[in-house]
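For ligands, and for the atoms within them, numbers begin at 1 and follow the listed sequence. Excluded from the calculations below are hydrogen atoms, water molecules and symmetry mates; all remaining heavy atoms, backbone and side chain alike, are included.
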Amino acid sequence: MFEQPSTPAFAEIAVPVPLGHTFTYAVPAALRGRLEPGMRVAVPFGPRKLAAFVVALSETPPAQGRTRAIAGLLEPAPVLTAELLAFLQQASDYYMHPIGEVLRAAAPALPTEAMRSLRAQGFLEQGEVLPGARIATRKVLVVRAVPLPEELGRLGKSQRILIDLLRERGEVTLDELRRHLKNPREAIRALEQRGLLATSEREVAADRFFADDVALEPGPTPNAEQRVAIDALIARLGDVREGQPGGFLLHGITGSGKTEVYLRLIAEARTRGLGSLMLVPEIALTPQLVRRFRGRFGEHIAVLHSELSERERNDAWRSLREGRVQIAIGARSALFAPVHALSVIVVDEEHDGSFKQEEGFRYQARDMALLRAARSGAVCVLGSATPSLESWRLCERGKLTRLTLSARATQQALPPVEIVDLARHKSGPGGQRLISAPLYRALEQCLANDEQAILFLNRRGFAPSVRCNACNAVIECSACSVALTLHKGASVLRCHYCDFITPHTGVCIRCKSPQVVELGLGTEQLEQTLSKLFPTARVGRLDRDTASGVGVEAVLDRLRHRTIDILVGTQMVTKGHDVPGVTLVGVILADQSLAFPDFRAAERTFQLLTQVSGRAGRGERPGRVVLQTFQPAQPAIVAAQHHDYLAFSRDELAAREELGWPPFGRLVAVRVDAASEADADRVATELAAAARVHPAVRAQAVSVIGPAPAPIARLRARFRFRFLLKAAELRALRAVTALVRDRIDKGVAPARASLDVDPVSML
Ligand code: ADP
Ligand code: ZN
Ligand code: ZN
């Protein structure tokens, strides 16, 4: 056989299967000299053909066995750049997750055409379903204002709303009207016939983030603190060498103008021809942010969101890779965007739990942003009003540089927080438990002033926890300090970390009082309750049931345009919304998030309370917060009352250090699930036993906690068990984890097992 030295005959291929290594394939003559690392190819694998990635090329055949040949090239150019490929290999190592699955999770799905031709050749993985491609533009009906006569005559309710909207804005699209009116076409037709409005059709981008026009605007002049932060960041731009700290924590209170800092940094990078990546918690919740970016950078941004078709996503990737677009915005998975000359990575609201991928390749995008930035010499900014304790600790250890914005950009003060002790206010007006008298009066006043309110209720509160009515505490495990979970059938309280079990006698384990009650949810009716208490108020609701994607934007839009007086919602209402009319924020039951069986429960409660409080009083008028709780003296609640992050982080870090929880110790969760409880239990026990024989566990450098049934003990008809590996030192922890990984790779059927390095969700 002859071949040229520069055309390697073998390729290392990462195949998307749960195996930790790559496979060597022969490069067929037709592809010699055409393959590059990062390209997608089709390869035979067992009886199937799979789309896989070239990670390296080599001259030397594998030591043993027959090599099969690559079946074909799927794309003309590498989908993964060299920078990404190297970064992802390190991520795969860190999370001990198979490289093939990591690469598949990072790259956009193959464009539909490529998949179709694959399928025609029988290459497709069985059972894989492909959504169809979407068109790039669509037509919308636009309703425009016309000069109105003095006397409008009689107008129906919908017609009145429509006329008011047009007076305010000049024109509105039909799509938008649907958010305000049940049947907008009827009102439009009636008013058009009377010459009170005009309509036309317009072609708009199908991508809703680009559908409306946004005028370019230079943005406000930074204030002194913003200036300091911007200068510090720009000073490092293009000057971070590998291994040097280029990481910053931007700690700025809610409304302090963090976004303006990001915008200035990214603008500077852009004028120097450098690329930027902006990660946000949930793109659906941040249409306003995208609008601000478009206002600064026009169409020169790529918004990576879940509604893109494969084609659109692949197009976005190509334009980023080629440097035609230099700014990418997106949620967690945008971490992998192939931004050309990557020089800035921003993680906004870095404390947010959504940066953690909880399925398949489990990764923490915030941590990986720091890694990717350090590798590629980019400046990395983590921004938050309530930084995660992990990031805060990195500052204390000098690994991140802290920048502070201590005042609101609009000069408005943070709202005062009034605590309502629910143990004293047994019931509010009309016997309502959910709305105490102080909250009722605050709502009444807010509505009378023609202002708006947001009421936050944490429906994800973990139902079967118990609270003592005498000492008002949630009953916790003394070893783990997480809430115990009530199992009604067996009538026991159980710790879902260490598996401590105690009979539920109805008596408080702390104070022996018999007044132990279930911490029920009871919040489903809140919306109805409000409509009864305030019949003229327009009440809206925002949660996973009422809103997804476009629906979220619609509800937020109605809030912004004041067609909602009171917005009721879950965590979704706490995120960065900037609505000037909102002056009152009410927290229905602060205790719910404290009752989570999770060592981060206090941290999450503080974050939620601070973030939701930050929604009040962002406009001209001052805001106020009414916070209902059974535990007014609980440290997380007291700190939230005083907007005191420093006090909270100091106390909470001390408590974590004592028990060795992160950020002091490191954790790996090993999760097992199976169709039968016995199988799940047995495999979890076996894996934990395997870990326990490691010398590091015997020497107590690593502890094995559990196994125990997961707090959500059964999910999608599978029983779930898990145990934790905990250590102060990373190396010992990794050694034990590797042992468990090995044991899992040998097979655990019929159960499934997975590793979660640096776990976030404890459910
Ligand atoms: P954060 O991201 O910290 O919550 P934002 O960047 O959303 O804060 O800023 C809050 C509000 O203050 C926005 O309406 C923004 O336009 C405005 N703002 C930001 N910086 C300034 C400034 N230097 N001068 C005046 N207004 C500003
Ligand atoms: Zn008690
Ligand atoms: Zn415990």
Query - Sequence neighbours excluded - ring pair (Phe, Tyr, Trp, His ring centres under 6.0 Å) pairs with any residue from residues 375-404 - result: H251-W392, W392-Y645
Report summary line: Sorted by chain and residue number, the side chain to side chain donor-acceptor pair (under 3.5 Å) partners of S391 (sequence neighbours excluded) come out as E350, S388
Requested in this report: Give a yes or no on this: more than 12 heavy atoms of other residues, nucleotides or ligands lie within 6.0 Å of atom CD of E620.
Outcome: no
Requested in this report: Could you name the protein residues that come within less than 4.0 Å of ligand 1, counting only heavy atoms, and order them by chain and residue number?
Outcome: P220, T221, P222, N223, Q226, I253, G255, S256, G257, K258, T259, E260, R292, A409, T410, D578, R618
Report task. Rounded to the nearest 0.5 Å, what's the gap from CD on E299 to CZ on R294? Could you check? Result -> 4.5 Å
Query raised in the report: Taking 4.0 angstrom as the limit, do E260 and K258 come out as a salt bridge?
Result: no
**Report entry** Those residues that, when tested against R313, pass side-chain contact (heavy atoms from CB on, under 4.5 Å) (two or more places apart)
**Finding:** P108, L308, W317
